Amino acid sequence: MVFSADAITAPCAAGGSNALFCKNMATSLVRKTKLLSMVSSQLNSAACFRNIHCTAACLKNRAARIRVAKGDKPVTYEQAYHPHHIGHRKGWLSQHTSNLQGEDGAAERVVEDVFIRRFMYGTFHGCLADEVVIKRRGNLLLICAVMIQKLLPSKFYFLIGYTEELLSHFYKCPVKIEMQTVEEKVVYKYL
Amino acid sequence: MASSCSQALRHHVCKSSRLLRVHLQKSWTNRSFEGAVCVSSSFALNSAADQQPAVSSPEEIVIPKKKTWSKEAVLQALASTVKRDPTASDYRFQDDPYLTPKTSSEFKLFSLSQESGRNAAKYFINTYPKYFQKDYAQPHIPCLMPDTLEAQIEEVSEAALIERIGMRKVKAAVDLYDQLLQAGTSVSLDVTNQLLDLICFYGDHDPAQENVPEQRNEETEDVQDEPQAKKGRAAKASDLLKATWKEKNNAERIFALLSEPNKHSYSALIRGMVKYGAYSKAFSTYTDLLNSRLKADMHMFNALITAAPEVKEKYNEKWELIVDLLKQMAEQKVRPNLLTLNAVLKALRRCGTVGKSQAFPVISEMKALSIDLSLASYTHLLAIFYKPGAPIQGQTDILQEVMNEVSGKSFTPQDPDDAQFFITAMRICLDTKDMEQAYRVHELLGVGENWRLLGNDFQQNIYYARFFSLLCMMENIDVMLKWYRDLVPSVYYPSSNVMRDLLQALDTDNRLDLIPQIWKDIKQLGHANRQNLVEELLTLMAREKHNQEVQESFAECALDIKKIYDTGDRGKVLLNWTAGSLSDLISVLLAAHRRQDAWDMLKLFKTHNRVPSEELLNKFLMCVKEGGEVNQAVELVQISAGFCLPGTPKLIQRVQQEFELTEQQRKMLSDLEIQSFNSE
């Protein structure tokens, strides 16, 4: 990427260097390697562009892990086990077929999932006992949630009707919610 | 045999050795199946060889026709393997104990709150449609797109009028029409007819918009001249039903403006008038139609037949008018349809004895015109012959005949009155105490699509209430309980009357030991605060003596009931003690030898100002004697004297005889004796 034609011609255009290596550039391999070193040194100089970091910092060692603390922090089963336990001690939170060979749309599914999780978190605020599980069966989008019995059942039903209708119209597919309630958050251990 | 076989085998092997080699070569790679393939191939060759002479002779090979399955065939086949789950609640609700409705009011509350959530979402979707325009679905799903509520075409033109008619905006359409006429553009007859249809269907006001919050309009309130009592309840759909045909409304005005109204316009006007109660006007419009020598159509005749019983008073006159209309229909060569038949039958319901004599001839004539009866026709037929509240005069055969006709068939909704069939039939079964027909009616509900014709939740409740009452009356307790466990509470939440019927059925069949279970169900259904029901329950428990474990369960139940009577945490009194209920409760506790609890309850007589009965105190004394508590016996006498009961002297005597008393107690008793003697 760095060694694209733009990077090579840009210093030329910047006017700092001579037109000499523009001519010699195509001729020999030695010239090319010289060219590479020259370009990189030019890029590192202050007169050139700044380096940009194109990807987000992926702290793979710290994602989805709750660190062991004093021993008074309650943690659910889902939170207690780390991502390398997925498939061994944990299941998947999002189930769809886009990751199979020859299937596409994985990125769109991820974006939909993120939106749905935020939507559920906000709509049923303070009621979610655990992560929302999203399953896709054919056209149907099934949102499985475990809730704390914080609201009256009639209020739950109001929010269920609202969520189903709004998300159906948003994603143009039938959306159903399967809800289970528990008295309190189910604690697996204290970290 | 073996040699000939082997010879034949060799013969065939030689003949088709190439085939065999091919087989063997193929099987060489598959070592494990090698032997099997060889053997099978040899057998195949053998059998092929045997059949060879048969194939050579000409034989018809019939290739069956390819079956085409519908797209849902697999799903339907899977669905047919699953029956209704009697432990689950309605499909609308979530499968969770906290979220399952346990009483009928909860059922209604939850389903309505879910619906109102949907309406809230629809409001947002229609208010901000630009966020919902992106179409992911292939093929396009129109119902998931936001509704266009605002009319697009702004200019004053016929196309704009058509658009507003399509969007069912009555007032806007009428205004636009007036604007068009004022501007001088003529509107075509078709479009005017459509406008007339719209106005007459909605009775000249806009249909209730469900998503938009109710706005108090002066016009809608004028229309409601019904009594105020009904205003408290749902004021949305009932607005439309109670609306009457106003004197000078837009429909008539626009109709008058038409230079050449055709039969469609007349039809729309007449049907609107009949729908909204202007019956005599409808007939006068009809005479106008005849005078202008236009032909009427079927819908018009249906409407007029519906209106006929309203305009005449006597049964004969009503019938003559209907016959007249039918004759005119025949003259004008208009073919009647199912709705005509249903309208005639419905009118005959109001014709008393004439109805009974004329119903069957009408049906046979219609059948000759190859009109099939729908459930609504059967409903009207049953209603003609079985008037509610009238004594039954041996007419059970009609219900049976109707059930014979109808059993096993699946009906589609063709008439709005189809939904009345099941509750009418069940009412008749209840009145005639006919269990067999009731089972047939219930069976019909399970055929095909008939479950859709049971009606809304309210009608479903009525149907099941009648069915249950009949079961309680007629069937023995085991059958009754089987149905009870099947239907309650997944399909039906019984009312307190039905629970009383159930208790009486238990009583009749001597299964009072089931009372504690029924009490649990009563509590769950939310009927624990019904005075009558609880008192009846206590009476039934206290009446007879049962064996020990039953009495124990009764005592537990009684203590549970006592908790209901106690004041709730907010000081709200749910139930009031009566003398009878208190005595019953104490007797039940005594029968289970719960003396301490019974003693506590006795105190309640004083606090709630109720008077205990003599036999209760006698019973108590017997129990106390078993326990040997002398103090309690004396206190009992004091309580009795406190209430100035007439049985006090006898009680005193009994205590003096049966108990060993101390001096003090003896003195007290003799004082009381003198007191009671003096008071008499």
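Every value quoted in this text rests on a predicted model; they were computed, and no experiment measured them. Just so we're on the same page: letters track the sequence lines, and every chain starts at 1.
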Check your understanding: Where do B:D96 and A:M179 land on the side chain to side chain contact (heavy atoms under 4.5 Å, CB included) test, with the steps shown first?
Key -> CA-CA 7 Å; B:D96 182 66; A:M179 189 180 282; over 6 Å; no
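Atoms OH and CD, on A:Y157 and B:Q94 in that order, are 5.5 Å from each other to the nearest 0.5 Å. Residue B:E115 holds its CD atom at 11.5 Å from CZ of A:F158, rounded to the nearest 0.5 Å. B:Y131 contributes atom OH, which lies 12.5 Å from atom CG of A:L166 (distance to the nearest 0.5 angstrom). With values rounded to the nearest 0.5 angstrom, A:S168 atom OG is found 6.0 Å from B:L144 atom CG.
Checked by atom type and distance alone, the side chain of A:K172 never pairs as donor or acceptor with a backbone atom of B:I141 at under 3.5 Å.
Considering only heavy-atom pairs separated by less than 4.5 Å from chain B, the leading option among A:Q180, A:K155, A:E108 is A:Q180. Ranked by heavy-atom pairs under 4.5 Å with chain B, the first of A:E178, A:H169, A:E165 is A:H169.
Of all heavy-atom pairs between A:L152 and B:Y98, the closest is CA-OH, 4.0 Å.
In A:R118, the CZ atom is not crowded: 12 or fewer heavy atoms of neighbouring residues, nucleotides or ligands sit closer than 6.0 Å. Other residues, nucleotides and ligands place no more than 12 heavy atoms under 6.0 Å from the CD atom of A:E184.
In this structure, the side chains of B:F110 and A:F156 stay at 4.5 Å or more apart for every pair of heavy atoms.
Classification of the A:F170-B:F132 ring pair by plane angle, with boundaries at 30° and 60°, yields perpendicular.
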